[in-house]
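Here's the structure, in structure tokens; my notes come after.
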Amino acid sequence: MPELPEVETIARGLARRVTGDVIESVWIGRKKEPLKSPAAEMALVLEQSRIAQVHRMGKHIVFELDRGAVTNASHGRKTRISAKAQWIVHLGMTGRLQVCEPQAEIAKHTHAILRLSSGRELRFVDPRRFGRLSSAATAEFHATGIEPLEIDAEHFAALFRGRKTPIKSALLNQKLLRGVGNIYADESLFRSGIRPRRRASTISHESLAKLHTGLQDVLKEAIALGGSSVSDYVNADGEEGFFQLEHRVYGREGALCRVCKTPIKRVVIAGRSSHYCPKCQK
DNA sequence: ACTATTTCCTGGATGC
DNA sequence: TGCATCCAGGAAATAG
């Protein structure tokens, strides 16, 4: 399940492989489900666009497109119109973007194929269809929330002021912070000694400062290790990450806390599995 | 204006 | 072996 570190890893891998490539044609398999923009509109935006840049915003992968040469038919000669556009991909739970040769077997649940001028294809595969594709030709895509690696301690603490919701839910709320998912919410709460059910507004400024540091540390460490490979996550080169080996609470129900040997507990908060150490976290 | 709950979707694990 | 049931979870939609 790709969260900020996994999406960052994937975006960097894609940037290395497809930057500069031109999208020559597009095949879109479904009319709705993964699509947020109409299929025809998306194809129109993508085709003949040059991929100028690939980067991450929250859990979104954003392809910055440069739609260079456009024929102005009214004068019968080519006029260069510089137009910017974007292709925005959210991988959901099981979404994957693969760069491959055209003869490579088309995986089950392939929903979109972009044919590139380099002769390769960029394919979007998503069995569970929680992923989303959208395009922005005029209005620039604007993700909600603030990047957790860019926010300072004061603004971070202010996000939770007056919120009665459990801190775990607040961390998952993409309108506050963007990119934090279940794994890194649990891991950052462990690092800062806060139980996931604690009401956000009741947490001391000092603890929130620890949470700010803990969250930034865990995200940076995870990016350095290529993300966490749980279930079927792989990066743009099909390689697994290694941060799952560093998890201190996530997915460790019943296993002993690495700090105090107390068995890790699992509770459900807002429909999400939440893991914590009952001794280390208060 | 918030917060809580439900819904979407399929593969893999589990149980009988 | 086969079939039914449950579970994972991000974010949008819905309800309170």
Side-chain angles (χ1 to χ4, degrees), chain A residues 1-11 29-38 56-62 88-97 106-112 124-134 136 141-148 158-189 196-203 215 219 222 227-234 240-241 243-244 247 249-254 264-276:
Chain A
M1 44 214 84
E3 302 179 23
L4 187 153
E6 291 77 32
V7 178
E8 179 67 32
T9 304
I10 293 166
R30 300 178 60 88
K31 291 233 171 8
K32 35 182 193 156
E33 237 60 90
L35 305 188
K36 286 178 86 175
S37 315
R56 177 194 63 77
M57 279 179 84
K59 296 175 193 170
H60 299 266
I61 298 168
V62 182
I88 303 111
V89 179
H90 191 299
L91 299 171
M93 293 281 296
T94 53
R96 274 169 27 226
L97 280 168
I106 293 176
K108 223 174 169 182
H109 310 294
T110 297
H111 305 306
F124 176 69
V125 184
D126 184 15
R128 233 182 272 178
R129 278 190 255 148
F130 273 20
R132 289 293 179 265
L133 305 178
S134 58
F141 171 69
H142 214 82
T144 59
I146 304 173
E147 284 291 332
L159 291 178
F160 306 107
R161 206 161 290 154
R163 293 195 179 267
K164 296 193 189 100
T165 194
I167 186 66
K168 169 72 182 273
S169 300
L171 285 172
L172 293 179
N173 185 345
Q174 302 296 300
K175 292 191 176 82
L176 300 178
L177 291 170
R178 62 189 192 215
V180 181
N182 213 29
I183 297 174
Y184 301 101
D186 282 5
E187 293 297 321
S188 62
L189 287 170
R197 263 200 226 284
R198 278 283 298 280
R199 301 278 144 183
S201 60
T202 69
I203 301 172
L215 178 60
L219 293 173
S228 301
S229 283
V230 292
S231 66
D232 50 6
Y233 161 76
V234 286
E240 295 195 339
F243 195 72
Q244 68 279 9
H247 291 176
V249 287
Y250 183 84
R252 299 190 68 238
E253 181 185 11
I264 299 300
K265 277 199 165 188
R266 187 183 78 93
V267 293
V268 176
I269 299 170
R272 296 292 167 263
S273 286
S274 304
H275 313 74
Y276 69 98

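Quick note: numbers below take in every heavy atom, side chains included, and nothing from hydrogens, waters or symmetry partners. Just so we're clear, the structure is a prediction, and the values are computed from it rather than from any experiment.
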Partners meeting side chain to side chain donor-acceptor pair (under 3.5 Å) with [X] (sequence neighbours left out):
{"X": "A:Tyr276", "result": "none"}
{"X": "A:Glu3", "result": "none"}
{"X": "A:Asn182", "result": "A:Lys168"}
{"X": "A:Arg198", "result": "A:Thr202"}

Restricting to nitrogen or oxygen on both sides, can you table the protein-nucleotides 13-16 of chain C pairs closer than 3.5 Å?
none

Only counting residues at least two apart or in another chain, list the ones meeting salt bridge (charged side-chain N to carboxylate O under 4.0 Å, His left out) with A:Glu253. A:Arg266
Salt bridge (charged side-chain N to carboxylate O under 4.0 Å, His left out) partners of A:Glu8, counting only residues at least two apart: A:Arg12, A:Arg56
Within residues 170-177 of chain A, find the residues that approach DNA chain B with a heavy atom at under 4.0 Å, and present them sorted by residue number. none
May I ask you to list the residues of residues 161-169 of chain A, by number, that have any heavy atom positioned under 4.0 Å from an atom of DNA chain B?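 Nucleic-acid contacts, sorted: A:Arg163, A:Lys164, A:Thr165, A:Pro166.
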Test side-chain contact (heavy atoms from CB on, under 4.5 Å) applied to [X] - qualifying residues, sequence neighbours left out:
{"X": "A:Phe124", "answer": "A:Pro34, A:Val89, A:Leu91, A:Leu97, A:His111, A:Ala112, A:Asp126, A:Leu133"}
{"X": "A:Lys175", "answer": "A:Thr144, A:Asn173"}
{"X": "A:Ser169", "answer": "A:Thr165, A:Pro166, A:Ile269, A:Ala270"}

